[in-house]
Visitor: 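Here it is: the structure, laid out below.
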Amino acid sequence: METDYAKIGLKVGLEIHQQLNTQTKLFCGCPPELSKEEPEITFLRRLRPTQSELGQVDPAAFFEFQKGIKIRYEANRATSCLVEMDEEPPHPLNMEAVETVLTTALMMNAEPVDEVHVMRKTVIDGSNTSGFQRTCVIAMNGWIKVGDKVVPIQHASLEEDAARKTGEEEKGNVIRYRIDRLGIPLIEVATAPVIYSPAEAQEVALAIGRILRDTGKVMRGLGTIRQDLNVSIPNGALVEIKGVQELELISRVVEYEVQRQLNLVKISEELKKKGVKEESLTEEFIDVTDVFQQTKCKVILKALKNGQIAKAVKLPGFKGLLKRELMPNFRLGTELADRARFWGRVGGIFHTDEMPAYGVTAEEVEALRKAVGAGEEDAVVFVADVTENVVDALKAVVERAKEAISRVPAETRAANADATTRYMRPRPGAARMYPETDIAPSLITRTFVEKIRSNLPEPAEKKLKRLMKEYSLNEKLARQIIESDYGQLFESIAKESGASATTISVFLTESLKALKRDGVQTEKVHGEQIKEIFKLVGSGELAKEAIPNVFSWLSENEEKSVPDTVVALGLKLLTKEELERLIDRVISENKQLVEKLGNKAIGMLMGLVMKEVRGKADPGLVGELLRERLK
Ligand SMILES: [Zn+2]
C-alpha cells in the first residue's frame, strides 16, 4: 500500500556532515587522518557538565553526567597533539577549510557572513576532550534546485569532528575514544524542513552530496559523510535521527520513522479507548527474586547468583501491546528496553508479552503475575541487576509507558545500519552554544569571496556533457572519470600526450581498479609519471597494451624514471625500419614454406613475428608490413 505522506503531514529537514580533505585539522597542524597503529598514549578523564558561560546547565549534558561514565582517550603522536588533548589552546582557524565551505556555500547560492565567530557547543558524551565541539557559521540563506523544487539551505557551517568510539570496558564504566578523528574539519549543510516524502529526502541529500563532491575538496568513503535528519508528523513528534552513514539509506530511515510514529499514535489511541490513564501507571516495584529461585533462565540465574535482585512492575492495560511491531524487528517492548538500558545501565528487560521464553516457564510467569497483582489485560516488565540499576531501569520503563498513552516522545535517536533507529537521549535544551573565547573572529572580505566566486568548480552534469563533447568519450566513460579522483589528471594527459582519450580514461578508471585489486600499490605512482607513460604511447614508443606492466613496475621501483622502466622491461617499441628488417629475416628463414603456401603463409608468419616482438610492436603494423613484403 502506498503511504500518502502529504496527507500524514510529514516534514523532514536534513543536516549533512562531510569531512573536508584539507592539509591539516581545523585548529592544529595535525594531518586529518585516522591512525592504524596501536595507541601510543592513553589518558583517563571523567567528564563533568560545566556551568556554561551563559550560566545555564545543559539538561542533555546533565543526563549524560548522571551515568557516571569515565573516558579513556587513546592517541598517536602522528595524528594528534596537545590541542586534541585539550592541554593547549586551539590554533587559529584553518582558512583552507573556510575556503572550501565558502565554495560550497556559493554553489548553493548562500550569503557568506562578514565575520566568522567560532562557538562552543556542549557535548558531554565524551566524544570531545574539552566537553564541547567548536562550530562556526560560514554562510546563510542559500537554495538549491532539486528537480523542479527550490530547497532552502539554512546555513553552511564548519565544525570539528569528534573523537571516534573504539570500545567499552566492562569494568568501571569506561568508554574508549580515539582522538585522531577529533578536529578533522567537517562541513555542515542544513536544509529547511520543507521535504515532504522519504524519496524526496534522499534526492535532496544526494543533490547536496554531489555539490560537495564537485568541490573536489571532500573526503570519500564510508565514515566520511554523516547525515542527521529531523523528522516530524503533526500527530507525532519532532525526532532527531543522528548518524545515517549512507545517503542511499535516508529514504528508508524516514519511512521507518514515520511507521514508528504512526504505530505509536495508534497504540496511544487504543490505550485511551481502553480507559488506561497515566495515573494508573505507578512506580510500585515488587521484588520477585523469590519467583526465580529455581529458574532455568540463564540471564536471570547468573544475576541472582551474583547477589543481584529481580524486580517487576505492572503495566495496566498493556497486554499484547509490548509485542506490537513499530518498525521491522522493533517493538514497543524494544522502546522500553532502550530506555531501561540508557537510564538504568541494564542489559535489557523481560516482559510478559514474550513469555514463556528464554527459559522462563509458564509457572514462573503465573507466579510473577500474581506477585504484582496483574490482571488479564495487564503486562508485566521485570529486570534483574543490582538494586540501583533495577530501580532506575523500571522508572524509565514506567516513564516511557506513560508516554505511550499520551504522546510520541520528542527525542534524539541514533540510526542503525538496517535503517531502524534506537533511543539515544532526550532532545537537548536550547542554551547549547556559547562563544569560543580562545579564537579571534576571522574576517571574510568581499575580495576573498569574489575570488572564490569567479573560480567555482564545474557542476558534475555540465562537466559530463563537456567531457563527452571535448574528448569524444561515451557517457559511461565520462561518468566514470567524473566519479574517479582523476578528472583533472585525465584532462591534462588527454591534452598533452597525444594518446587516445578513450585509452586514457579506460586506464584511469577500470585498469587502475583492477591493478589495485591485484595488490599493486597504485598510490605510489604519481600523476606526472602516468602522464609520461601516455606521452610515450602518444609518440608511438610504447604499446598501449604495455601500460599496466610499466605502471606496476614503477610502483615497485619508485626511484626509476618512466623511459628507464620502458627500456628495463624491454618494452620499447621497434621502429618501422627495425620491424621491416626483422620481418625480412623471418620470411627468408621460412622461404620454402612461404613459396609453397603463397598468400596463405601470412597467418603462420604473423605468429612467428609476434612471438619475437610481442609488446614491442603494434600487431596492426606487423600485419600491414607482412602483407607489403609478401607481395
Ligand atoms: Zn593536533
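Keep in mind it's a predicted model, so treat the numbers as computed, not measured. Just so it is clear, the values below take in all heavy atoms, side chains as well, and ignore hydrogens, waters and symmetry mates.
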Visitor: Considering only heavy atoms from C-beta outward, does the side chain of Glu240 approach that of Met424 to under 4.5 Å?
Guide: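 With C-beta onward as the side chain, the pair stays apart.
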
Visitor: Under the 3.5 angstrom rule, does the side chain of Gln529 hit a backbone N or O of His526 as a donor-acceptor pair?
Guide: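 Pair found, side chain donor or acceptor close to backbone of His526.
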
Visitor: Do Glu96 side-chain atoms and Gln23 backbone N/O form a donor-acceptor pair below 3.5 Å?
Guide: yes

Visitor: What distance do Ile144 atom CD1 and Ile211 atom CD1 have between them, rounded to the nearest 0.5 Å?
Guide: 5.0 Å

Visitor: Might you work through the side chain to side chain contact (heavy atoms under 4.5 Å, CB included) test for Leu102 and Phe448, ending with a clear yes or no?
Guide: CA-CA 10 Å; Leu102 268 176; Phe448 186 40; 3.6 Å; yes

Visitor: With the side chain counted from C-beta on, respond yes when Pro457 and Met107 share a heavy-atom pair under 4.5 Å apart, and no when they do not.
Guide: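 A side-chain contact exists here, since the closest heavy-atom pair is under 4.5 Å.
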
Visitor: About how many Å separate CD of Glu74 and CD of Glu40, when rounded to the nearest 0.5 Å?
Guide: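 With rounding to 0.5 Å, CD (Glu40) is 12.0 Å from CD (Glu74).
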
Visitor: Output the distance between atom CG (Leu186) and atom CG (Leu20), rounded to the nearest 0.5 Å.
Guide: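 Result: 7.0 Å between the selected atoms.
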
Visitor: Among Thr166, Thr42, Asn76, exactly one meets side chain to side chain donor-acceptor pair (under 3.5 Å) together with Arg178. Which residue is that?
Guide: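 Exactly one option meets the side chain to side chain donor-acceptor pair (under 3.5 Å) with Arg178, and it is Asn76.
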
Visitor: Can you confirm whether Lys495 is buried at NZ, in the sense that more than 12 heavy atoms of other residues, nucleotides or ligands lie under 6.0 Å from that atom?
Guide: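 Enclosed: over 12 neighbouring heavy atoms sit under 6.0 Å from NZ of Lys495.
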
Visitor: For the side chain of Asn94 and the backbone of Thr24, is there at least one donor-acceptor N/O pair under 3.5 Å apart?
Guide: yes

Visitor: Working note: Glu203 + Lys149, criterion salt bridge (Lys or Arg N to Asp or Glu O under 4.0 Å); need CA distance, chi angles, decisive distance, verdict.
Guide: CA-CA 11 Å; Glu203 257 173 70; Lys149 180 166 169 166; over 6 Å; no

Visitor: So do Thr509 and Phe490 actually touch side chain to side chain, heavy atoms under 4.5 Å?
Guide: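 Result no, sub-4.5 Å side-chain heavy-atom pair not found.
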
Visitor: One pair to check against salt bridge (Lys or Arg N to Asp or Glu O under 4.0 Å): Asp214 and Lys462. What are the steps and the verdict?
Guide: CA-CA 11 Å; Asp214 287 344; Lys462 212 168 146 191; over 6 Å; no

Visitor: Could you give me the CA-CA distance, side-chain angles and deciding distance for Glu475 and Arg479, then say whether salt bridge (Lys or Arg N to Asp or Glu O under 4.0 Å) is met?
Guide: CA-CA 6 Å; Glu475 190 179 335; Arg479 218 172 266 286; 2.8 Å; yes

Visitor: Quick one: does any side-chain atom of Ser497 pair with a main-chain N or O of Ala494 as donor and acceptor, under 3.5 Å?
Guide: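 Side chain of Ser497 to backbone of Ala494, a donor-acceptor pair under 3.5 Å: no, none is there.
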
Visitor: Taking Glu160 for the side chain and Arg134 for the main chain, is one N or O donor matched with an acceptor at less than 3.5 Å?
Guide: yes

Visitor: Indicate the atoms forming the closest heavy-atom contact of Ile482 with Ala460, along with that distance.
Guide: CD1-O, 3.7 Å

Visitor: So does Glu159 get a backbone contact from the side chain of Thr135, meaning a donor-acceptor N/O pair under 3.5 Å?
Guide: no

Visitor: Quick one: does Pro619's side chain get under 4.5 Å of Met610's, heavy atoms only?
Guide: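 Yes, at least one pair of side-chain atoms sits under 4.5 Å.
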
Visitor: Using 4.0 Å as the upper bound for N to carboxylate O, is an ion pair formed by Lys576 and Glu624?
Guide: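 Answer for the salt bridge query: no.
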
Visitor: Could you grab the distance from atom CZ of Phe507 to atom CD1 of Ile533, nearest 0.5 Å is fine?
Guide: 6.0 Å

Visitor: Could you walk me through whether Ile250 and Val12 satisfy the side chain to side chain contact (heavy atoms under 4.5 Å, CB included) test, starting with their C-alpha distance in whole Å, then the side-chain angles of each, then the deciding distance to 0.1 Å, before giving a yes or no?
Guide: CA-CA 11 Å; Ile250 288 182; Val12 182; over 6 Å; no

Visitor: Looking at every non-hydrogen atom in both residues, tell me the closest pair between Ala97 and Leu26 and how far apart they are.
Guide: CB-CD1, 3.9 Å

Visitor: Answer whether the closest heavy-atom distance between the side chains of Glu188 and His155 falls below 4.5 Å.
Guide: yes

Visitor: Tell me every residue that passes side-chain contact (heavy atoms from CB on, under 4.5 Å) with Pro563, counting only those two or more places apart in sequence or in another chain.
Guide: Glu532, Ser561

Visitor: Please tell me if the side chains of Leu582 and Val609 come closer than 4.5 Å, counting only heavy atoms from C-beta onward.
Guide: yes

Visitor: Hey, is the main chain of Thr79 close enough, under 3.5 Å, to the side chain of Lys25 for a donor-acceptor pair?
Guide: yes

Visitor: For the residue pair Glu37 / Ser35, report whether a side-chain donor-acceptor contact shorter than 3.5 Å exists.
Guide: no

Visitor: Compare all side-chain heavy atoms of Gln227 with those of Leu14 and state whether any distance is below 4.5 angstrom.
Guide: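 With C-beta onward as the side chain, the pair stays apart.
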
Visitor: Going by salt bridge (charged side-chain N to carboxylate O under 4.0 Å, His left out), Glu458 matches just one of Arg213, Lys465, Arg466. Which one?
Guide: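 When salt bridge (charged side-chain N to carboxylate O under 4.0 Å, His left out) is applied between Glu458 and each of Arg213, Lys465, Arg466, only Arg466 qualifies.
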
Visitor: Atom CG in Leu229, atom CD in Gln202: separation rounded to 0.5 Å?
Guide: 10.5 Å

Visitor: Testing the basics here: between Ala499 and Ile504, what is the closest heavy-atom pair and its distance to 0.1 Å?
Guide: O-CD1, 3.8 Å

Visitor: Tell me if the NZ atom of Lys544 is crowded by more than 12 foreign heavy atoms within 6.0 Å.
Guide: no

Visitor: Donor-acceptor check, side chain of Asp518 to backbone of Val520, threshold 3.5 angstrom: yes or no?
Guide: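 Between the backbone of Val520 and the side chain of Asp518 there is no qualifying donor-acceptor contact (under 3.5 Å).
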
Visitor: Let's go through Tyr73 and Glu84 carefully: what are the C-alpha distance in whole Å and the side-chain angles of both, what is the deciding distance for side chain to side chain contact (heavy atoms under 4.5 Å, CB included) to 0.1 Å, and is it a yes or a no?
Guide: CA-CA 10 Å; Tyr73 292 106; Glu84 288 94 329; over 6 Å; no

Visitor: For a quick test of reading the model, state the closest non-hydrogen atom pair linking Leu574 to Val613 and the distance between them.
Guide: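 Scanning both residues, the minimum pair turns out to be CD1-CG1, 3.5 Å.
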
Visitor: Given Leu605 and Arg629, is the side chain to side chain contact (heavy atoms under 4.5 Å, CB included) satisfied, shown in steps?
Guide: CA-CA 11 Å; Leu605 289 171; Arg629 288 319 218 215; over 6 Å; no

Visitor: Set out, in order, the CA-CA distance, both residues' side-chain angles and the distance that settles salt bridge (Lys or Arg N to Asp or Glu O under 4.0 Å) for Glu589 and Arg585, then state yes or no.
Guide: CA-CA 6 Å; Glu589 279 170 8; Arg585 173 169 60 78; 3.3 Å; yes

Visitor: Using a 3.5 Å distance criterion without hydrogens, assess whether the side chain of Arg181 forms a donor-acceptor pair with backbone atoms of Ala162.
Guide: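 Here the side-chain-to-backbone pair exists.
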
Visitor: Tell me whether the count of non-hydrogen atoms from other residues, nucleotides or ligands lying under 6.0 Å of CD in Glu38 goes above 12.
Guide: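 No, the 6.0 Å shell around CD holds no more than 12 heavy atoms from other groups.
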
Visitor: For Ile587 versus Val594, what's the shortest heavy-atom pair and its separation?
Guide: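 Distance-wise, the nearest heavy atoms are O-CG2, 4.3 Å.
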
Visitor: For the residue pair Tyr471 and Leu477, establish whether any side-chain heavy-atom pair is separated by less than 4.5 Å.
Guide: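 Side chain of Tyr471 against side chain of Leu477, heavy atoms only: no contact under 4.5 Å found.
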
Visitor: Just how far is it from atom CD1 of Ile153 to atom CE of Met140, taken to the nearest 0.5 Å?
Guide: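 If we round to the nearest 0.5 Å, Ile153:CD1 and Met140:CE are 14.0 Å apart.
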
Visitor: Apply side-chain hydrogen bond (donor to acceptor under 3.5 Å, both in side chains) to Thr502 and list each qualifying residue two or more places apart in sequence or on a separate chain.
Guide: none

Visitor: Would Thr575 and Glu578 count as a side chain to side chain donor-acceptor pair (under 3.5 Å) if you check the C-alpha gap in whole Å, the side-chain angles of each, and the deciding distance to 0.1 Å?
Guide: CA-CA 5 Å; Thr575 60; Glu578 288 170 322; 3.2 Å; yes

Visitor: Work out which heavy atom in Lys217 is nearest to a heavy atom in Thr100; give both atom names and the distance.
Guide: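 Closest approach of Lys217 to Thr100, heavy atoms only: CB-CG2, 3.5 Å.
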
Visitor: Spell out, as yes or no, whether a donor-acceptor pair under 3.5 Å connects the side chain of Gln521 to the backbone of Glu523.
Guide: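 No, because the side chain of Gln521 does not come within donor-acceptor range (under 3.5 Å) of the backbone of Glu523.
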
